[in-house]
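Okay, structure first, notes after.
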There are 2 protein chains.
Amino acid sequence: MIPVDAFDLKMLTALQEDGRLTNQQLADTVGLSASQCSRRRMRLEEENVISGYHADLSSDALGFNVIAFIQVQLATHSPDNAKKFRTLVQRVDEVQEAYSLTGDADYVLKAVLRDLKGLSDLVNNVLMPHQSVAHVRSSIVLDRLKETSKLPLKSALA
Amino acid sequence: MIPVDAFDLKMLTALQEDGRLTNQQLADTVGLSASQCSRRRMRLEEENVISGYHADLSSDALGFNVIAFIQVQLATHSPDNAKKFRTLVQRVDEVQEAYSLTGDADYVLKAVLRDLKGLSDLVNNVLMPHQSVAHVRSSIVLDRLKETSKLPLKSALA
DNA sequence: CCGAATTTGCATGCACCTTGCGTCGCAAAC
DNA sequence: GTTTGCGACGCAAGGTGCATGCAAATTCGG
């Protein structure tokens with residue numbers, strides 16, 4: 001596995017909190033020089049430990065008022081069908097996350113939509129008509145208790 | 001709602017793709033000057049349309065091999081109990097997302113863990129013993145088809 | 001204990017960011 | 001129709017941050 005020491009962990013922790021930290025700020029928080037932080041950061045990016053930087057936009061401010069989890073069962077479990085579904089999911093921007101799970105439903109999607117009509121459109125005009133899909137059941141998010149993409153790095157020492 | 005024009009949308013789209021874009025790079029892609037991008041970006045941050053910037057870390061590279069969805073039913077539906085659960089969820093770093101949904105289960109959590117033992121610990125030593133929790137059912141992610149936090153901005157013109 | 005390799009801090013040249021300033025265009029008031 | 005006020009724009013300059021070369025310090029194996 002990729003070498004990550006205590007300095008790296010501090011840097012990663014700081015950067016997943018604030019992705020625009022200056023090398024100097026980073027240096028101050030982890031206890032290294034700015035040049036060293038620059039070098040280490042470049043290494044972490046090179047090794048794909050840091051896979052990218054993203055601005056986090058407010059879904060509320062931009063009018064995305066509906067989040068939904070959608071459970072999808074495929075028509076058949078053939079590899080061909082699975083591939084078709086995978087392609088569909090990649091293509092639809094409203095679907096932020098898609099997983100296959102142990103248990104009942106084949107797939108779970110998380111979708112972000114402007115309103116309930118958007119959800120209806122997605123379910124009835126995109127998912128349901130698709131040849132790979134057999135059954136769809138959606139649950140609407142009533143309350144967001146927590147929403148982050150930060151990894152619990154405290155336990156990590158590769 | 002907050003004024004967001006076509007320039008802003010282009011900037012937001014670019015920034016949620018690459019959060020470390022330079023104002024000059026931004027200027028080149030949206031067709032404005034760098035100074036103007038700087039000003040608009042500051043305004044978007046001020047208005048909390050851009051709520052932050054984050055480094056995206058590779059869970060694989062850092063050894064987080066298990067993702068799980070956990071359905072939780074509370075012992076009672078009292079506000080007091082809900083608040084206790086909310087606090088618990090905030091405190092536990094392994095829980096990245098937590099929602100209450102329409103439908104059967106009270107809450108759904110998404111957790112990131114180092115291994116199955118980590119999941120077991122979370123379920124049996126953190127969630128189950130907590131006074132607010134009555135029932136827990138976890139599903140393990142077998143495959144990640146898609147995982148992004150980008151909003152589908154193409155449709156947005158507030 | 002010594003030498004090689006790695007890591008670090010410092011200095012520097014270059015790129016970038018931000019702010020002030022003058023200009024432009026639009027819209028309301030006259 | 002003209003004027004006036006306002007907001008947005010680009011340009012330029014001063015300050016800041018970044019990345020690379022280099023030498024000192026540290027680590028590690030023999």
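Chain letters run A, B, ... following the sequence lines, proteins first, then strands; residues in each count from 1. None of these values were measured; they are calculated from a predicted model.
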Note to self: If you compare every side-chain N and O of B/R40 against the phosphate oxygens of D/dC9 (OP1, OP2), does one of them come in below 4.0 Å?
What the structure shows: yes
Next item on the list: Would you please name every residue forming a side chain to side chain contact (heavy atoms under 4.5 Å, CB included) with A/A134, sequence neighbours left out?
Entry: A/A75
Margin query: Tell me which residues in residues 15-37 of chain B lie within less than 4.0 Å of DNA chain D, going by non-hydrogen atoms.
Written below: B/L32, B/S33, B/S35, B/Q36
Note to self: In this structure, how many angstroms lie between the P atom of D/dG21 and the CE atom of A/M42, rounded?
What the structure shows: 11 Å
Notebook entry, point to check: Rounded to whole angstrom units, what separation is found between the CG atom of B/D5 and the P atom of D/dG7?
Noted result: 15 Å
Check: Tell me the salt bridge (Lys or Arg N to Asp or Glu O under 4.0 Å) pairs involving residues 118-136 of chain A, sequence neighbours left out?
Finding: A/K117-A/D121
Item checked: side chain to side chain donor-acceptor pair (under 3.5 Å) partners for B/S120, two or more places apart -> B/N124
Next item on the list: Can you sort out the partners of B/E147 under side chain to side chain contact (heavy atoms under 4.5 Å, CB included), two or more places apart, ordered by chain and number?
Entry: A/Y99, B/I67, B/K110, B/R144
Item checked: Terminal axis angle for the helix from C/dC1-D/dG30 to C/dC30-D/dG1, five pairs an end, nearest 10 degrees -> 30°
Margin query: Applying salt bridge (Lys or Arg N to Asp or Glu O under 4.0 Å) as the test, list every pair that has at least one member in residues 65-92 of chain B; sequence neighbours left out.
Written below: A/D143-B/R86, B/D80-B/K84
Checklist line | Of all pairs that satisfy salt bridge (Lys or Arg N to Asp or Glu O under 4.0 Å), the ones with a partner from residues 18-28 of chain B, not counting sequence neighbours | finding: none
Check: Does A/E45 have any side chain to side chain donor-acceptor pair (under 3.5 Å) partners at least two apart in sequence or in another chain, and if so, which?
Finding: A/R41, A/Y53
Margin query: Quick check for you: name the first and last nucleotides of DNA chain C, 5' to 3', having an atom under 4.0 Å from a heavy atom of chain B.
Written below: C/dC16 to C/dG20
Note to self: Ignoring hydrogens, what is the shortest heavy-atom contact between A/A98 and A/V95? Give both atom names and the distance.
What the structure shows: CB-CG1, 4.4 Å
Checklist line | Non-neighbouring partners of A/S149 that pass side chain to side chain contact (heavy atoms under 4.5 Å, CB included), sequence neighbours left out | finding: none
Check: Taking only residues two or more places apart in sequence, or in another chain, which ones meet B/K150 in a salt bridge (Lys or Arg N to Asp or Glu O under 4.0 Å)?
Finding: B/E17
